[in-house]
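This report refers to the structure that appears directly beneath it.
Hydrogens, waters and symmetry mates play no part in the numbers below; they use all other heavy atoms, side chains included. Both ligands and their constituent atoms are indexed starting at 1 by order of listing. Since the structure is predicted, the reported quantities are computational estimates derived from the model, not experimental observations.
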Amino acid sequence: MNDLFASSRFPAIRMRRNRQKPWLRSLVAEQSLSVSDLILPIFVIEGENEKRPIDSMPGVQRWSIDLVPEIANSASELGIPLVALFPYIEKKRKTPTAEEALNPENLVCRALRSIREAGINIGTLCDVALDPYSSHGHDGIVQDGKILNDESIDILCEQAIGQAAAGCDIVAPSDMLDGRVGKIRKALDSNGFEDTPIMAYAAKYASNFYGPFRDAIGTLETLTGDKKTYQMNPANSDEALREVALDIGEGADMVIIKPGLPYLDIIYRTKEAFCIPTFVYNVSGEYAMIKAAASSGSLDYEKAIMEILIGFKRAGADGILTYSALDAARILKG
Ligand code: PBG
């Protein structure tokens with residue numbers, strides 16, 4: 001490779017030859033984005049016929065259960081393969097030990113059933129974590145200010161079984177506690193869900209880009225402290241590879257890197273090292289940032305998101321969770 005570059009000389013070599021025409025640029029394109037790369041997050045709320053906007057995420061709504069099939073169907077008709085469901089749990093249902101996470105009638109379980117019962121041809125993904133359900137907003141249970149690892153995992157296993165029983169196609173542990181993937185795998189297997197894949201949030205950073213999401217699911221005001229004892233330090237990348245290796249060893253079928261834009265190197269290293277289906281979560285703050293820049297006229301929203309999405313593909317992502325999934329799918333469909 002280096003020899004080749006060393007012997008390559010202008011004017012025999014002109015890189016611009018391959019860039020002259022749209023068809024030529026498309027012929028030599030190394031990457032492509034397709035609708036089947038997109039995963040749409042959907043926020044779910046109580047109520048009827050409710051489509052409540054989220055101020056910090058212009059263009060994104062929270063949907064009541066009766067309308068969930070409508071948005072899932074829009075995604076399905078565009079060819080989006082998977083939706084991720086996130087609940088806005090009412091304050092009165094939140095407890096320190098997050099019992100609502102195990103309620104077979106909770107929002108997520110009802111949303112799962114509403115999609116199945118409507119016969120929509122789309123996969124469903126659910127977060128396994130307690131933050132929407134806990135009064136303190138943490139992903140596990142807390143004692144004296146400490147997140148209890150092993151005790152939390154027992155609850156997460158129950159939560160995952162409940163989701164699978166309600167029809168969830170893929171469970172996604174997003175809590176970053178140690179050893180949860182293995183335990184969840186075992187719990188699923190011993191309850192007849194050995195075919196339910198685990199998409200593990202393997203490298204999830206303690207990021208400042210989750211704010212609008214926490215606003216959307218109502219944990220912004222309840223969260224006490226930060227998540228730095230379980231989510232990763234943005235300074236680290238070797239550690240991310242160890243996290244990914246552990247989750248794969250424990251039985252993860254696919255992994256998620258999160259957030260996206262500041263962590264392209266982590267996607268790249270993960271894919272290079274493990275050759276496993278690797279997904280990236282283009283998170284709420286990244287979406288809000290692009291929307292804000294677009295609304296002030298600083299950039300073109302549609303062009304910007306397509307550039308970002310192809311950037312994730314180039315880094316090695318097999319798919320992208322993004323709030324722009326519907327917009328991107330429409331653009332791809334022309
Ligand atoms: C929590 C969870 C978070 C997101 C998805 N699952 C936020 C957090 O860790 O507080 C963030 C997604 C986004 O910002 O779009 N289990």
Sole candidate of T219, D131, L130 that passes side-chain contact (heavy atoms from CB on, under 4.5 Å) when paired with K94: T219
Per-ligand residue contacts, ligand 1, heavy-atom threshold under 4.0 Å: D127, A129, D131, D139, S174, K204, F209, Y210, F213, R214, K227, Q231, K258, Y281, V283, S284, Y323
Please list all pairs passing the ring-ring contact (aromatic ring centres under 6.0 Å, His included) test where one or both residues lie in residues 166-208, with sequence neighbours left out. Y205-Y263
For N149, give me all partners under side-chain contact (heavy atoms from CB on, under 4.5 Å), at least two apart in sequence or on another chain. I153, L177, D178
E105 and R113 ion-paired at < 4.0 Å: yes
Could you check whether atom CD of E221 has more than 12 heavy atoms from other residues, nucleotides or ligands sitting under 6.0 Å from it? yes
May I have all residue pairs that pass ring-ring contact (aromatic ring centres under 6.0 Å, His included) and include part of residues 38-81, sequence neighbours excluded? F43-F213, F43-Y323
